Amino acid sequence: MERILIKDILYKCTAGETVTVCGWVRTRRESKGFAFIVLNDGSSQETLQLVVPGDAPAFGELHRCNTGAAIRAKGILKESPGKGQKFEVEVSEIGVFGDSDPEKYPLQKKGHTLEFLREIGHLRPRTNTYGAVFRLRNILASAVHDFFQSRGFAWVHTPIITASDCEGAGELFSVTSLDLENPPKKEEGSVDFTQDYFGKRAYLTVSGQLEAEFFAMSLGKVYTFGPTFRAEDSNTSRHLSEFWMIEPEMAFADLMDDMRLAEEFFHYLCVAVLEKGESELSFLQNQYKRISLEDLKRLSETSFVHISYSDAIKELENEKKSFEFPVQWGLDLQSEHERYLTDKVFNGPVIVTDYPKDIKAFYMRLNPDEKTVAAMDVLVPKIGEIIGGSQREERLDILEMRMRQTGVPLDNLQWYLDLRRFGSAPHAGFGLGFERMVQYITGMPNIRDVIPCPRAPQTIGF
RNA sequence: UCCCGGGUAGCUCAGUCGGCAGAGCAGGUGGCUGUUAACCACCCUGUCGGGGGUUCGAAUCCCUCCCCGGGAGCCA
């Protein structure tokens with residue numbers, strides 16, 4: 001179908017050319033003798049003004065060009081005498097692909113709340129806001145691959161269905177093909193999962209990290225980028241039951257290498273959206289006033305502040321401000337503490353390192369002080385933790401000890417321990433919640449507005 | 001899951017002390033020769049979130065459940 005994208009008109013066409021465009025009607029304004037149609041085709045934030053003269057053949061189709069209708073318009077590109085756009089199209093022909101009943105179409109030309117638009121998830125990408133968000137999401141997804149591919153990382157497709165129930169990263173969704181009304185039972189009454197599809201219990205993955213580790217211990221540098229699942233009853237603007245995670249893993253790397261990679265990665269993503277998504281960012285900035293192009297530019301150039309957990313605790317203890325939760329070495333940093341460090345003390349991203357071993361996962365490498373582990377969290381203003389990573393424990397005896405201490409069953413993870421038995425090596429990696437990054441960059445207040453079909457407790461509408 | 005605040009027309013909201021269900025926008029019709037969330041006039045629009053209770057009478061008071069938002073926990 002011959003047509004030109006609206007995003008291309010500005011720099012590929014000149015006044016006087018005949019063009020054909022396709023898209024969805026945003027608004028129609030009629031005067032005596034002629035009409036204006038504002039058209040968007042999803043290719044960019046831009047809309048195109050169509051002018052339909054009263055004597056054009058297209059005028060007869062005008063009554064069908066209601067908000068939401070899909071149309072094709074052919075006409076001559078002209079410099080617009082009106083304010084607000086450089087070009088407009090003086091239309092001679094209009095073809096309507098799909099009508100849209102204005103009494104029933106839920107999107108109006110006026111603004112809607114994000115909460116309302118969330119109820120019509122299948123139509124919300126047609127709005128300026130969600131168009132911008134999902135184009136930016138795409139820019140970021142593409143930049144994720146560009147970054148790692150250009151640095152020699154291999155994309156590893158870790159499984160979505162897993163038998164590991166001991167990764168310790170939250171509640172799991174079960175995967176089963178058993179008849180839930182009448183499952184096979186063992187003699188003592190519990191469900192007999194040996195008769196299930198896989199012959200044992202299976203779950204949706206909560207992380208691809210453990211699998212990524214054995215690929216790092218063979219291909220050297222790898223990353224995962226795919227969906228992960230948490231069955232926690234979290235009802236917040238920062239949590240989803242299904243979200244995408246990026247988990248790089250590097251052999252022959254320590255915590256310093258890990259932090260350097262995280263910072264370069266973060267900078268790379270900021271630069272990518274500034275280069276490719278400026279009009280989308282500008283729109284969101286004007287609309288929601290949460291993050292500015294200047295903020296992003298500064299972020300893309302600013303080194304992360306590094307601070308150890310122990311020093312962070314001292315910093316928080318020194319503040320006169322009273323916190324709701326106690327500040328004490330050995331306790332995890334609460335949201336209010338993280339926000340205080342990023343928003344008040346350092347006014348930017350902060351990497352906190354070397355957390356007490358008791359509040360971190362079993363696979364993180366024990367430091368020489370035997371009290372802390374080689375962990376790092378990247379905290380950003382407003383959102384909090386966006387990246388969590390560590391150098392992994394590569395010493396078999398210490399790893400086994402840590403697993404016993406933290407109650408992780410060794411039986412199911414012999415394959416993981418094998419990596420320490422055969423050619424073990426220092427390695428490190430981190431995880432970044434993709435939606436948190438999209439949320440941070442777009443400035444959207446709720447994470448449910450940066451993923452096409454948000455899944456959360458009681459929420460699986462689309 | 002916990003603590004607050006909400007749920008009234010398609011959307012955004014008002015509704016006083018318990019006494020006739022309201023406004024703006026959207027939509028419809030008409031008008032207007034350059035509009036930009038166009039403008040002007042008129043018209044249409046209701047399971048007051050669901051269920052139960054108190055009362056002569058409930059959008060309004062009480063109980064309960066559901067949903068949404070903000071914050072917290074869990075976490076990325």
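Each chain gets a letter, A, B and so on, in the order the sequences are listed, and its residues count up from 1. None of these values were measured; they are calculated from a predicted model. The basis for the numbers below is simple: all heavy atoms, side chains too, and nothing from hydrogens, waters or symmetry mates.
Between the side chain of E336(A) and the base of G71(B), no donor-acceptor pair under 3.5 Å is found. Q49(A) contributes a side-chain N or O that forms a donor-acceptor pair with the base of U35(B) under 3.5 Å. Side-chain atoms of E30(A) stay outside donor-acceptor range of the base of U33(B), with no qualifying N/O pair under 3.5 Å. The base of C74(B) lies close enough to the side chain of S234(A) for a donor and an acceptor atom to sit less than 3.5 Å apart.
Panel note: side chain D354(A), backbone A374(A); no donor-acceptor pair is recorded below 3.5 Å. In this structure, R118(A) contributes its side chain and T113(A) its backbone to no donor-acceptor pair below 3.5 Å.
Residue contacts for T236(A): at a heavy-atom cut-off of 4.0 Å it reaches a base atom on one of the strands shown. Across all strands, E247(A) comes closer than 4.0 Å to no nucleic acid atom at all (heavy-atom distances). Counting any heavy atom pair closer than 4.0 Å across all strands shown, S241(A) reaches no nucleic acid atom. Using a 4.0 Å heavy-atom cutoff across all strands shown, N446(A) reaches sugar-phosphate atoms only and no base atom. Within the 4.0 angstrom heavy-atom criterion, no nucleotide atom of any strand lies near L432(A). As judged by a 4.0 angstrom heavy-atom cut-off over every strand, E435(A) is placed among residues making no nucleic acid contact. Across all strands, G33(A) comes closer than 4.0 Å to no nucleic acid atom at all (heavy-atom distances). Heavy atoms of K104(A) sit nowhere under 4.0 angstrom from any nucleic acid atom. Using a 4.0 Å heavy-atom cutoff across all strands shown, R339(A) reaches sugar-phosphate atoms only and no base atom.
Comparing C43(B) with U54(B), their C1' atoms are spaced 41 Å from each other, to the whole Å. Taking atom C1' on both C48(B) and C20(B), the two are 15 Å apart, rounded to the nearest angstrom. The gap from the P atom of G24(B) to that of G73(B) amounts to 45 Å, rounded to the nearest Å. When the C1' atom is compared between U35(B) and C39(B), the two are found 10 Å apart, to the nearest whole Å. To the nearest whole angstrom, the two P atoms, one in C11(B) and one in A58(B), are 26 Å apart.
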Query - Sequence-aligned protein contact record of nucleotides 6-11 of chain B, with B where the base is within under 4.0 Å of a protein heavy atom and S where only the sugar-phosphate is - result: ----BS
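Side-chain nitrogen and oxygen atoms of R238(A) include at least one within less than 4.0 Å of the OP1 or OP2 phosphate oxygen of A72(B).
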